[in-house]
**Q** 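Dumping the structure here so I can ask a few things about it.
When a ligand or atom number is given, it counts from 1 through the structure's own listing order. Keep in mind that what you see is a predicted model, and the values were worked out from it rather than measured.
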Amino acid sequence: MRIVIAGGHGKIALLLTRLAAGRGDTVVGLVRNPDHVQDVRDHGGDAVVLDLESASAEQVAAALAGADAAVFAAGAGPGSGTARKETVDRDAAALLADAALIAGVRRHVQISAMGIDRADDPGVDEVFAVYLRAKDAAERALRDRDLDWTILRPGRLTDDPAVGAVALAESVEPGAVSRADVAAVVLALLDDPGTAGLTVELVGGGTPVAEAVQSLPRTRAE
Ligand SMILES: NC(=O)c1ccc[n+]([C@@H]2O[C@H](COP(=O)([O-])OP(=O)(O)OC[C@H]3O[C@@H](n4cnc5c(N)ncnc54)[C@H](OP(=O)(O)O)[C@@H]3O)[C@@H](O)[C@H]2O)c1
């Protein structure tokens, strides 16, 4: 499989690159910093330098040409202000989906976040609320597009080693999950186009990743 990852130098993206490349997939990471290209290569992938806050959909589509799947794993990151939540977490996600439509790459996994319905809860930090609304808008933008999308909402991310077992369902209790387990779930979702049309939440748990993905409900006839 040829997989293109937006935000190719992110922590989940690099773990996914190593996992996918390790089993023979071709991975191309879209990175905005030329200094990150070698890192992606060191993880077994290749990289295309593209800033998703300034690239056109046609430029991103060119990078997607010939791919079997696209993954949105970019994010403005914890140190960023509200503006970049909108330009990256919301707009860059929609840009990748538009580019996928142009390139004819139907399979799409978008990394979203648990708790996006909590933006208006009392006590939620303003920047975090903007982030949650940006993720929510990105989800809605993807659902509006005619792609075979699966939206994955992880809980709080950790850098712990992979456990290989998770809790994955349309709704799970809040919790944490390692980025390594998220990467494994993304790969298993890519392998299973029958999960298209699902929005699923993910935290650490006791079900082996392959079994957790197989157990998801199917929304479309296969
Ligand atoms: N942190 C949490 O607890 C949590 C929970 C649930 C979901 N998530 C979501 O999980 C996803 C991945 O998390 P992660 O920890 O792997 O993220 P990460 O390590 O922060 O990686 C995000 C990547 O996006 C890239 N990026 C930012 N702006 C870009 C642009 N304009 N063009 C191209 N790439 C750009 C960054 O590149 P640079 O290195 O150049 O900045 C970075 O490599 C994110 O979507 C995040 O919102 C996070």
**Q** I want to know if ligand 1 touches N33 in the polar sense, i.e. an N/O pair below 3.5 angstrom.
**A** no
**Q** Check each atom of ligand 1 against the heavy atoms of A74 and keep those under 4.0 Å away; list them by number with element.
**A** 24 (O), 44 (C), 45 (O)
**Q** Considering only heavy atoms, does L52 approach ligand 1 within less than 4.0 Å through its side chain, its backbone, both, or neither?
**A** both
**Q** For R156, counting its heavy atoms only, list the atoms of ligand 1 lying under 4.0 Å from any of them.
**A** 3 (O)
**Q** Any idea which part of H36 is under 4.0 Å from ligand 1, heavy-atom wise: side chain, backbone, both or neither?
**A** side chain
**Q** Can you check side chain to side chain contact (heavy atoms under 4.5 Å, CB included) on R218 and D192, steps first, answer last?
**A** CA-CA 10 Å; R218 307 288 142 159; D192 190 342; 2.7 Å; yes
**Q** Polar contacts were defined as any N/O atom of the residue lying under 3.5 Å from an N/O atom of the ligand; does this apply to E53 and ligand 1?
**A** yes
**Q** May I ask whether F72 places a heavy atom under 4.0 Å from ligand 1?
**A** no
**Q** How far is atom 11 (C) of ligand 1 from its nearest protein heavy atom, and which residue and atom is that?
**A** I111 CG2, 3.8 Å
**Q** Does a donor on one side chain sit under 3.5 Å from an acceptor on the other, for T195 and R107?
**A** yes
**Q** Report the distance from atom CG of L64 to atom CG of L96, rounding to the nearest 0.5 Å.
**A** 5.5 Å
**Q** Please identify each residue that fulfils side chain to side chain contact (heavy atoms under 4.5 Å, CB included) with A138, with sequence neighbours left out.
**A** A93, Q110
**Q** With rounding to the nearest 0.5 Å, note down the distance linking CD in E170 to CG in L198.
**A** 6.0 Å
**Q** Side chains of R2 and D25: does their closest heavy-atom pair fall under 4.5 Å?
**A** no
**Q** Rounded to the nearest 0.5 Å, how far does CD1 of I116 lie from CD of E201?
**A** 8.5 Å
**Q** Does G155 reach ligand 1 with a nitrogen or oxygen that is under 3.5 Å from one of the ligand's nitrogen or oxygen atoms?
**A** no
**Q** Could you say whether the N/O atoms of A73 and ligand 1 ever approach to under 3.5 Å?
**A** no
**Q** Using the side chain to side chain contact (heavy atoms under 4.5 Å, CB included) rule, take E86 and V130 through it: C-alpha gap first, then chi angles, then the decisive distance, then the call.
**A** CA-CA 8 Å; E86 293 176 347; V130 172; 3.9 Å; yes
**Q** Does R153 approach ligand 1 within less than 4.0 angstrom via side chain, backbone, both or neither, non-hydrogen atoms only?
**A** neither
**Q** Counting each atom of ligand 1 from 1 as listed, which ones have a heavy atom of R84 under 4.0 Å away?
**A** 27 (C), 28 (N)
**Q** Check E139 with K135, please: is the shortest side-chain N to carboxylate O separation under 4.0 Å?
**A** no
**Q** Checking V200 against L152 for the side chain to side chain contact (heavy atoms under 4.5 Å, CB included) test, could you report, in this order, the C-alpha distance in whole Å, the side-chain angles of both residues, the deciding distance, and whether it holds?
**A** CA-CA 5 Å; V200 287; L152 180 63; 3.8 Å; yes
**Q** Could you establish whether M114 and ligand 1 come within less than 4.0 Å of each other, counting only heavy atoms on the residue side?
**A** no
**Q** Would you check whether L50 reaches within less than 4.0 Å of ligand 1, judged by its heavy atoms?
**A** yes
**Q** Which of the atoms of ligand 1 are close to P154, meaning less than 4.0 Å from one of its heavy atoms?
**A** 6 (C)
**Q** Just jot down the ligand 1 atoms closer than 4.0 angstrom to any heavy atom of L157, in number order.
**A** 1 (N), 2 (C), 3 (O), 4 (C), 5 (C), 8 (N), 10 (O), 13 (O), 15 (O), 48 (C)
**Q** Tell me if the CD atom of Q38 is crowded by more than 12 foreign heavy atoms within 6.0 Å.
**A** yes
**Q** Taking 4.0 angstrom as the limit and counting only heavy atoms of V88, give me the atoms of ligand 1 inside it, by number and element.
**A** 28 (N)
**Q** Just go through G75, G10, A138 and tell me whose heavy atom is the nearest to atom 24 (O) of ligand 1.
**A** G75
**Q** Considering only heavy atoms from C-beta outward, does the side chain of P154 approach that of V177 to under 4.5 Å?
**A** yes
**Q** To the nearest 0.1 Å, how far is atom 46 (C) of ligand 1 from its closest protein heavy atom, and which atom is that?
**A** Y131 OH, 3.6 Å
**Q** Side chain to side chain contact (heavy atoms under 4.5 Å, CB included) with L14: which residues, sequence neighbours excluded?
**A** H9, V40, H43
**Q** Heavy-atom pairs closer than 4.0 Å: do any link ligand 1 to the side chain of S112, the backbone, both, or neither?
**A** backbone
**Q** Of all the atoms in ligand 1, which lie at a distance below 4.0 Å from a heavy atom belonging to I12?
**A** 12 (C), 13 (O), 16 (O)
**Q** Numbering the atoms of ligand 1 from 1, which are under 4.0 Å from a heavy atom of D51?
**A** 30 (C), 31 (N), 32 (N)
